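What follows is a short report on a single structure.
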Amino acid sequence: QSALTQPASVSGSPGQSITISCTGTSRDIGGHNYVSWYQQYPGKAPKLIIYDVSQSPSGVSHRFSGSKSGNTASLTISDLQTEDEADYYCSSYTSSVSLLFGGGTKLTVL
Amino acid sequence: EVQLVESGGNLVQPGGSLRLSCTASGFIFSNYAMHWVRQAPGKGLQFVSAINTNGDNKYYGSSVKGRFTISRDNSMNTLYLQMDSLRSEDTAIYYCARALHLAAPSLWGQGTLVTVSS
(Lines give C-alpha, C1' and ligand atoms only; values in the text may rest on other atoms or scores of the structure.)
Protein backbone atom coordinates (compact mmCIF):
# COMPACT_ATOMS: atom_id res chain seq x y z
CA GLN A 1 0.00 0.00 0.00
CA SER A 2 1.50 3.36 -1.06
CA ALA A 3 2.09 6.13 1.43
CA LEU A 4 -0.23 9.12 1.59
CA THR A 5 1.04 12.01 -0.56
CA GLN A 6 2.44 15.10 1.14
CA PRO A 7 4.55 17.93 -0.33
CA ALA A 8 8.22 17.38 0.46
CA SER A 9 8.64 20.89 1.79
CA VAL A 10 6.77 24.08 2.59
CA SER A 11 8.00 27.38 3.94
CA GLY A 12 6.63 30.52 5.50
CA SER A 13 7.58 33.61 7.44
CA PRO A 14 6.86 34.23 11.13
CA GLY A 15 3.29 35.38 11.64
CA GLN A 16 2.03 33.88 8.38
CA SER A 17 -0.24 30.86 7.95
CA ILE A 18 0.71 27.75 6.00
CA THR A 19 -1.19 24.65 4.95
CA ILE A 20 0.18 21.17 4.39
CA SER A 21 -1.89 18.78 2.30
CA CYS A 22 -2.16 15.01 2.60
CA THR A 23 -3.78 13.12 -0.26
CA GLY A 24 -5.02 9.55 -0.16
CA THR A 25 -7.87 7.52 -1.58
CA SER A 26 -11.41 6.50 -0.74
CA ARG A 27 -9.95 3.48 1.10
CA ASP A 28 -8.21 5.66 3.64
CA ILE A 29 -8.70 9.44 4.02
CA GLY A 30 -11.88 9.59 1.97
CA GLY A 31 -13.52 6.65 3.70
CA HIS A 32 -12.79 7.37 7.36
CA ASN A 33 -12.63 10.33 9.71
CA TYR A 34 -9.46 9.07 11.35
CA VAL A 35 -6.75 11.39 10.08
CA SER A 36 -3.96 12.40 12.44
CA TRP A 37 -1.02 14.79 12.19
CA TYR A 38 2.37 14.54 13.90
CA GLN A 39 5.20 16.99 14.47
CA GLN A 40 8.75 15.65 14.64
CA TYR A 41 11.96 17.48 15.45
CA PRO A 42 15.28 15.98 14.27
CA GLY A 43 16.38 13.12 16.49
CA LYS A 44 13.15 13.21 18.51
CA ALA A 45 10.02 11.10 18.67
CA PRO A 46 6.89 12.26 16.83
CA LYS A 47 4.26 14.23 18.75
CA LEU A 48 0.54 14.01 17.99
CA ILE A 49 -0.89 17.46 17.19
CA ILE A 50 -4.23 16.63 15.51
CA TYR A 51 -6.40 13.49 15.60
CA ASP A 52 -9.76 12.47 14.13
CA VAL A 53 -9.30 15.07 11.33
CA SER A 54 -9.68 18.18 13.48
CA GLN A 55 -9.39 17.34 17.17
CA SER A 56 -6.62 18.83 19.29
CA PRO A 57 -4.95 16.81 22.04
CA SER A 58 -4.70 18.49 25.40
CA GLY A 59 -1.74 20.86 25.62
CA VAL A 60 -1.31 21.37 21.87
CA SER A 61 -1.36 24.93 20.59
CA HIS A 62 -4.59 25.99 18.91
CA ARG A 63 -2.51 27.50 16.13
CA PHE A 64 -2.62 23.97 14.68
CA SER A 65 -5.87 22.98 12.98
CA GLY A 66 -6.97 20.16 10.70
CA SER A 67 -9.62 19.62 8.06
CA LYS A 68 -10.61 17.18 5.32
CA SER A 69 -12.30 17.36 1.94
CA GLY A 70 -12.84 14.21 -0.06
CA ASN A 71 -9.58 12.25 -0.24
CA THR A 72 -7.40 15.15 0.96
CA ALA A 73 -6.68 16.24 4.51
CA SER A 74 -4.99 19.47 5.47
CA LEU A 75 -3.01 20.82 8.40
CA THR A 76 -2.98 24.58 8.87
CA ILE A 77 -0.53 26.35 11.13
CA SER A 78 -1.48 29.95 11.87
CA ASP A 79 0.73 32.71 13.27
CA LEU A 80 3.82 30.74 12.24
CA GLN A 81 6.64 30.73 14.78
CA THR A 82 10.28 29.73 14.52
CA GLU A 83 9.73 26.74 16.83
CA ASP A 84 7.25 25.31 14.31
CA GLU A 85 10.17 24.42 12.03
CA ALA A 86 10.01 20.61 11.99
CA ASP A 87 8.85 17.64 9.94
CA TYR A 88 5.11 16.99 9.77
CA TYR A 89 3.46 13.65 9.01
CA CYS A 90 -0.15 12.76 8.36
CA SER A 91 -1.70 9.34 8.94
CA SER A 92 -5.03 7.72 8.17
CA TYR A 93 -6.88 4.61 9.17
CA THR A 94 -7.42 2.34 6.17
CA SER A 95 -10.11 -0.10 5.11
CA SER A 96 -7.60 -2.94 5.46
CA VAL A 97 -7.60 -2.26 9.23
CA SER A 98 -4.24 -0.63 9.20
CA LEU A 99 -2.61 2.74 9.54
CA LEU A 100 -1.03 4.56 6.61
CA PHE A 101 1.41 7.46 6.95
CA GLY A 102 2.34 10.24 4.58
CA GLY A 103 5.89 10.69 3.36
CA GLY A 104 6.42 13.76 5.54
CA THR A 105 6.75 17.50 4.92
CA LYS A 106 9.67 19.62 6.04
CA LEU A 107 8.49 23.02 7.24
CA THR A 108 11.01 25.84 7.04
CA VAL A 109 10.29 29.09 8.85
CA LEU A 110 12.18 31.80 7.00
CA GLU B 1 5.20 10.97 34.81
CA VAL B 2 3.64 9.22 31.83
CA GLN B 3 6.42 7.38 30.04
CA LEU B 4 7.17 4.68 27.48
CA VAL B 5 10.66 3.18 27.33
CA GLU B 6 11.65 0.87 24.48
CA SER B 7 14.51 -1.60 24.71
CA GLY B 8 15.95 -4.57 22.87
CA GLY B 9 17.24 -2.88 19.74
CA ASN B 10 20.53 -4.27 18.43
CA LEU B 11 22.59 -5.26 15.43
CA VAL B 12 21.35 -8.56 13.98
CA GLN B 13 22.18 -10.55 10.87
CA PRO B 14 19.68 -11.01 8.03
CA GLY B 15 17.39 -13.92 8.81
CA GLY B 16 17.85 -13.45 12.53
CA SER B 17 15.39 -12.65 15.30
CA LEU B 18 15.00 -9.95 17.92
CA ARG B 19 12.44 -9.12 20.59
CA LEU B 20 11.67 -5.53 21.45
CA SER B 21 10.07 -4.45 24.73
CA CYS B 22 8.23 -1.30 25.69
CA THR B 23 7.71 -0.65 29.39
CA ALA B 24 4.97 1.76 30.37
CA SER B 25 4.69 3.84 33.53
CA GLY B 26 2.54 6.66 34.87
CA PHE B 27 -0.77 5.42 33.45
CA ILE B 28 -3.05 2.39 33.48
CA PHE B 29 -1.43 0.37 30.70
CA SER B 30 -4.32 -2.09 30.35
CA ASN B 31 -6.71 0.73 29.39
CA TYR B 32 -4.92 1.58 26.14
CA ALA B 33 -4.40 0.05 22.73
CA MET B 34 -0.74 0.16 21.73
CA HIS B 35 1.23 0.60 18.50
CA TRP B 36 4.64 -0.11 17.06
CA VAL B 37 5.74 2.36 14.38
CA ARG B 38 9.16 2.43 12.71
CA GLN B 39 11.30 4.98 10.92
CA ALA B 40 14.17 3.97 8.65
CA PRO B 41 17.19 6.30 8.76
CA GLY B 42 16.32 9.57 7.03
CA LYS B 43 12.89 8.25 6.01
CA GLY B 44 9.27 8.63 7.04
CA LEU B 45 7.08 6.81 9.52
CA GLN B 46 5.70 3.34 8.83
CA PHE B 47 3.01 1.44 10.71
CA VAL B 48 4.28 -1.89 12.02
CA SER B 49 1.65 -3.32 14.34
CA ALA B 50 -1.11 -2.54 16.82
CA ILE B 51 -2.86 -4.44 19.60
CA ASN B 52 -6.05 -3.78 21.51
CA THR B 53 -6.31 -3.46 25.27
CA ASN B 54 -6.59 -7.15 26.20
CA GLY B 55 -4.44 -8.50 23.38
CA ASP B 56 -7.24 -10.31 21.58
CA ASN B 57 -7.00 -8.26 18.39
CA LYS B 58 -3.73 -7.69 16.56
CA TYR B 59 -3.02 -5.77 13.37
CA TYR B 60 0.06 -5.74 11.14
CA GLY B 61 1.47 -3.71 8.30
CA SER B 62 1.78 -5.60 5.02
CA SER B 63 5.59 -5.52 5.07
CA VAL B 64 5.86 -7.38 8.40
CA LYS B 65 2.81 -9.64 8.37
CA GLY B 66 3.82 -13.25 8.98
CA ARG B 67 7.26 -12.29 10.34
CA PHE B 68 6.51 -10.05 13.34
CA THR B 69 4.28 -10.79 16.35
CA ILE B 70 2.92 -8.20 18.74
CA SER B 71 1.91 -9.10 22.28
CA ARG B 72 1.43 -7.50 25.67
CA ASP B 73 1.60 -8.39 29.34
CA ASN B 74 -0.75 -6.09 31.22
CA SER B 75 0.47 -7.42 34.58
CA MET B 76 3.98 -6.25 33.67
CA ASN B 77 2.89 -3.04 31.88
CA THR B 78 4.91 -4.18 28.90
CA LEU B 79 4.39 -4.34 25.15
CA TYR B 80 6.47 -6.67 22.98
CA LEU B 81 7.39 -7.06 19.34
CA GLN B 82 8.88 -10.40 18.29
CA MET B 83 10.69 -9.93 15.00
CA ASP B 84 11.70 -13.01 12.98
CA SER B 85 13.20 -13.50 9.51
CA LEU B 86 14.67 -10.02 9.67
CA ARG B 87 15.70 -8.25 6.46
CA SER B 88 17.96 -5.30 5.77
CA GLU B 89 14.87 -3.20 5.01
CA ASP B 90 13.71 -3.71 8.62
CA THR B 91 16.57 -1.46 9.76
CA ALA B 92 14.91 1.42 11.59
CA ILE B 93 14.15 3.13 14.85
CA TYR B 94 11.18 1.32 16.39
CA TYR B 95 8.81 3.42 18.45
CA CYS B 96 6.08 2.15 20.71
CA ALA B 97 3.10 4.44 21.20
CA ARG B 98 0.05 4.59 23.40
CA ALA B 99 -3.09 5.03 21.32
CA LEU B 100 -6.06 7.35 21.80
CA HIS B 101 -7.78 4.69 19.72
CA LEU B 102 -6.49 2.17 17.21
CA ALA B 103 -6.13 4.85 14.53
CA ALA B 104 -4.28 7.44 16.61
CA PRO B 105 -0.98 6.65 18.34
CA SER B 106 -0.73 9.59 20.72
CA LEU B 107 2.11 9.19 23.24
CA TRP B 108 5.42 7.96 21.81
CA GLY B 109 8.53 6.49 23.42
CA GLN B 110 12.03 7.61 22.49
CA GLY B 111 12.58 4.63 20.19
CA THR B 112 15.08 1.79 19.92
CA LEU B 113 17.38 1.20 16.95
CA VAL B 114 17.32 -2.10 15.07
CA THR B 115 20.06 -2.64 12.51
CA VAL B 116 19.89 -5.66 10.21
CA SER B 117 23.22 -6.21 8.53
CA SER B 118 25.84 -8.88 7.95
Side-chain angles (χ1 to χ4, degrees), chain A residues 1-9 20 22 24 27-29 31-60 64 66 68 73 86-106, chain B residues 1-7 9 20 22 24 26-27 32-52 56-66 68 70 89 92-113:
Chain A
Q1 202 165 10
S2 298
L4 303 173
T5 300
Q6 297 181 234
S9 63
I20 299 172
C22 173
R27 297 185 301 276
D28 37 72
I29 292 176
H32 308 279
N33 288 321
Y34 293 127
V35 177
S36 298
W37 290 90
Y38 306 86
Q39 177 190 60
Q40 186 180 35
Y41 293 111
K44 300 295 186 182
K47 174 187 175 183
L48 180 70
I49 56 174
I50 294 289
Y51 68 98
D52 294 357
V53 177
S54 60
Q55 302 303 302
S56 294
S58 174
V60 172
F64 296 95
K68 189 187 88 165
D87 293 327
Y88 291 85
Y89 294 90
C90 61
S91 73
S92 175
Y93 180 79
T94 77
S95 296
S96 56
V97 196
S98 180
L99 197 61
L100 193 59
F101 285 91
T105 298
K106 181 178 179 60
Chain B
E1 180 190 5
V2 176
Q3 198 171 10
L4 295 168
V5 178
E6 300 94 336
S7 60
L20 305 183
C22 170
F27 65 96
Y32 292 88
M34 297 293 294
H35 284 252
W36 286 102
V37 177
R38 69 185 182 185
Q39 187 169 34
K43 302 297 185 182
L45 302 171
Q46 184 182 39
F47 171 73
V48 173
S49 186
I51 188 169
N52 70 338
D56 283 352
N57 296 313
K58 304 174 183 181
Y59 311 91
Y60 298 94
S62 57
S63 58
V64 307
K65 195 173 295 185
F68 290 11
I70 192 171
E89 53 264 38
I93 296 172
Y94 284 73
Y95 296 100
C96 71
R98 186 183 82 177
L100 279 177
H101 52 65
L102 273 175
S106 60
L107 174 72
W108 299 58
Q110 86 289 348
T112 187
L113 177 62

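None of the values given here were measured: they were computed from a predicted structure. Naming convention: chains lettered A, B, ... in sequence-line order (proteins, then strands); numbering from 1 in each chain.
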- Nearest heavy atoms of B:Y95 and A:K44, plus distance in Å: OH-O, 3.5 Å

- Item | Shortest non-hydrogen contact from B:L45 toward A:F101 | O-CB, 3.4 Å

- Sort by residue number and list every member of residues 32-39 of chain B having a non-hydrogen atom under 4.5 Å from chain A. B:H35, B:V37, B:Q39

- Residue selection (most heavy-atom pairs with chain B, distance under 4.5 Å) from A:G103, A:P46, A:G104: A:P46

- Task: Select one option (side chain, backbone, both, neither) describing which atoms of A:D87 are under 4.5 Å from chain B's heavy atoms.
- Result: neither

- Message: Under the criterion side chain to side chain contact (heavy atoms under 4.5 Å, CB included), I'd like the reasoning laid out for B:L100 against A:L48: C-alpha separation, chi angles, the key distance, then a yes or no.
- Response: CA-CA 10 Å; B:L100 279 177; A:L48 180 70; 3.7 Å; yes

- Message: Looking at A:Y34, I'd like to know if its OH atom is crowded, meaning that more than 12 non-hydrogen atoms belonging to other residues, nucleotides or ligands lie closer than 6.0 Å.
- Response: no

- Query: Looking at B:A104 and A:S36, what are the two nearest heavy atoms and their distance?
  - Reply: CB-OG, 3.8 Å

- Could you tell me which of B:P105, B:S106, B:G109 has the largest number of non-hydrogen atom pairs under 4.5 Å with chain A? B:P105

